[in-house]
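The figures that follow rest on heavy atoms only: side chains count, while hydrogens, waters and symmetry mates do not. Every number for a ligand or one of its atoms is a count from 1 in the order of the listing. A quick note: this is a predicted structure, and the numbers were derived from the prediction, not measured. Throughout, residue positions are numbered sequentially from 1 according to the sequence presented.
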Amino acid sequence: MLKNEEKKNEKKREKEIDKLVKKLTLDEKIAMIHGASLFRSGAVERLGIPAIKTSDGPMGVRAEFMDDRWIPSGNQDDMVSYLPSNSALASSWNPALARKMGYVLGTEARGRGKDVILAPGINIKRDPRCGRNFEYMSEDPVLTKAMAVPFIQGVQENDVAACVKHFAANVQETGRLVVDETIDERTLYELYLPAFKAAVQEGGAYSIMGAYNKINGEYCCESKTLLDRILRDEWGYDGAVISDWGGVHNTKETTACSMDLEMSVFPDFDEYKLANPLKELIEKGEVSEDAVDAKVRNLLRMMYRLKMIGPKKDSREKGTYNAPASRETILRTAEESAILLKNENQVLPLDKKKVKKLAVIGANAAKVHSDGGGSAEIKALYEICPLAGLKMYLGGNTEVVYAPGYYVPAKPKTFEVNWQAASLDDLKDTTVGQATRDEAGENEGHLKGEQERLAQMERDKAEIHEKNPELFRQALELAKDADAVIFVGGLNHDYDSEGFDRPDMKLPYEQDLLIEELLKVRKDAVITFVGGSPVEMPWRNQAQAILWTYYAGMETGNAFAKMIFGEVNPSGKLAETFPDKYEDCVTAKNGQFGVWDKITLEEGLYCGYRYFDRQHITPAFCFGHGLSYTDFEYSGLTLKAEKGKDVKLTFTVKNVGKRAGAETAQIYIAPIAAQVDRPDKELKAFAKVELGAGRSKKVSLTLKQEDFMYFDTQLHKFIADAGDYEILVGASCEDIRLRGIATLN
Ligand code: BGC
């Protein structure tokens, strides 16, 4: 549309919004700005203003819930496509795929009649133990924004709003409702905010979700700094801000800032901070009605954009769920997101013709994960586990034998039922699914529940230790006389979950012991994982082949089998560092993670590879690492500074192996004579190229001046120093293949 016409339409829309606001009574406006059910806002039928229907989440559209209880409605028509997690998607390093994946989520959300889908999760991964890392993309802001922007656009093509979460720096689950994070301004602007800025400015996200945590003493959902100064004033955002569920604490503070819709976990909707308590303050004259009008305007604007109201109402997309075409994208993402960490002696791919008997070992081979993890849980139409995928792929003439290998205790019922209400409240009775407020009328974080969970984990450990010897024996027996052995272990949503962090970075259920034994029996055993966050691999020097997959959606098993047998060539690269051991992480050293009420992000910019670089610590597998069944050569870097500003970059990538494959070339910049302290190198751009065997391709990329900038806290803006910068082109952040110097005037 022409710019002028767009402007005219916007003006018209704003006028119509003004008219509507004038017609609304105070009660009606208040009804619109808080939950009228657990996932829906209040409607004003008199004026044709519908309720805003929201749903989780990043991995598909969540099952329907009862209006006022955390109990699924028990329908049979709310099964959906189960999408790869954001951590999987990011590992594909393929923004075009992110757009398609976003489209799938959007069409499913519309198909299920939703207006706002509570996704994507784009928080920066600061510590490998964070329970929700699987829902987030990366430790790096540039990669996160490169994937988040097209994802959001894809969602919104369907007239559904993406609700980008959790704004901001929701970096841990421990004490998530109360934790106060001290973050210096530069770190905030350079690391924790850029993806959100891009999400609203470039992605055009119609809504954004305030986080539970506090930043520098302010609750994110009540923060004038975050919501007014940064989001609205600096970034010019005019969409809707929705609270995380139970993230609003104080009526006055919330009314005074740009928080538009209060959602929560409690069924006492009239007692929400933006319900009766707000009305009382207005009637007493302590709060002006204008503040309510501003919130209503933001919500109405989102509704216009979604064609829920306004002249385009009849042309709103209708969406569809469980469409076979969506599964293609899901399969493709699963294929592109797996990361081949190691492959000595070309153990992988296995040769289908040579394998007559395959031994599959490990509980994750036969486990489905879609139904767990917290609000990202999905009632999947189906989920093909790796074991099923292998069997389907090989057919009946190949013998596939299976042993779980290690014991996984069943999840205690108390954690299963209404986990969400429980995680947000000191519940007396978790079976009714009704959250109750504590005496102070607040929820103070579920400390008691957390202590009980940890005690249960200790009890589990004893049980595991008792049951494992026999399971180990059975597995090793199978491994001995099979033609090939595949171990499928890792984590599950008892570990990768909303509401708590992992106790350590170790594989649970004594898997390390089993893998060590297994590698003694079969040094060619292929070690594979399903998981949502890094684990220690103390036996990794003994293993020849290691394949990592994140929770990869309903087609997991199909993608897995194709990869193991070489029909698909792995092309995923790590979007986060896999440390050798947890003690190597900066948060392990500074102790500023997983503390209930207060943490300081003392490391500043030095998280993830930025920290490992600076301290010269070699991780197990570095950021950007990922192998292929073929090899790539890089050559011929040219750099041209254009107009003294942009830097044009070209180089060639050649597939020098015998199979087709895809390589993600990564561009890092390293300031040579920086005037302030800056990370040794930072990712600034990347390109994924698909290449047939023997083929090469010239890659052209442009680094903009802003790519060279850092945040100057004195000037309160991003600036770039003139001078030389080393430009590094790598296959990972450690495997730098080409270098050049760019000079900025
Ligand atoms: C989570 C959000 C989620 C919301 C609604 C909260 O507990 O933090 O990510 O969207 O619940 O289920």
Taking only heavy atoms of Arg62, which atoms of ligand 1 are found under 4.0 Å from at least one of them?
12 (O)
Looking at Phe593, I'd like to know if the NZ or CZ of Arg126 sits under 6.0 Å from its six-membered ring centre while staying within 45 degrees of the ring's axis.
no
Which of the atoms in ligand 1, numbered in the order shown and given with their element, are less than 4.0 Å from a heavy-atom of Phe39?
5 (C), 12 (O)
Sub-4.0 Å atoms of ligand 1 with respect to non-hydrogen atoms of Met209
10 (O)
Hey, which atoms in ligand 1 end up nearer than 4.0 Å to a heavy atom of Ser375?
1 (C), 2 (C), 3 (C), 9 (O), 12 (O)
Indicate yes or no: does Arg316 engage Asp159 in a salt bridge with an N to O separation below 4.0 Å.
no
Phe134: what forms a ring-ring contact (aromatic ring centres under 6.0 Å, His included) with it, not counting sequence neighbours?
His493, Tyr551
Mind checking whether Asp56 has an N or O less than 3.5 Å away from an N or O of ligand 1?
yes
For the residue pair Val80 and Arg112, what are the closest heavy atoms and their distance?
CG1-NH1, 3.2 Å
Which of the numbered atoms in ligand 1 are below 4.0 angstrom from a heavy atom of His166?
2 (C), 8 (O), 9 (O)
Is it the case that the side chains of Glu262 and Ser243 hold a donor-acceptor pair, with the cut-off being a distance below 3.5 Å and no angle test?
no
Take atom NZ of Lys29 as the centre, draw a 6.0 Å sphere, and report whether it contains more than 12 heavy atoms from other residues, nucleotides or ligands.
yes
Tell me whether Trp70 has any N or O atom under 3.5 angstrom from an N or O of ligand 1.
no
Hey, is Arg176 one of the residues with a heavy atom under 4.0 angstrom from ligand 1?
yes
For ligand 1, indicate whether the residue Met263 contacts it via side chain, backbone, both or neither (heavy-atom separation under 4.0 Å).
neither
Quick check on contacts: which atoms of ligand 1 are under 4.0 angstrom from a heavy atom of Leu118?
10 (O)
Look at the rings of Tyr136 and His166 and say which category their plane angle falls in: under 30° parallel, 30 to 60° tilted, over 60° perpendicular.
perpendicular
Lys165: numbered ligand 1 atoms lying under 4.0 Å from its heavy atoms:
2 (C), 3 (C), 9 (O), 10 (O)
What do you reckon, are the aromatic ring centroids of Phe39 and Trp70 less than 6.0 Å apart?
yes
So which bit of Arg132 gets within less than 4.0 Å of ligand 1, heavy atoms only: side chain, backbone, both or neither?
side chain
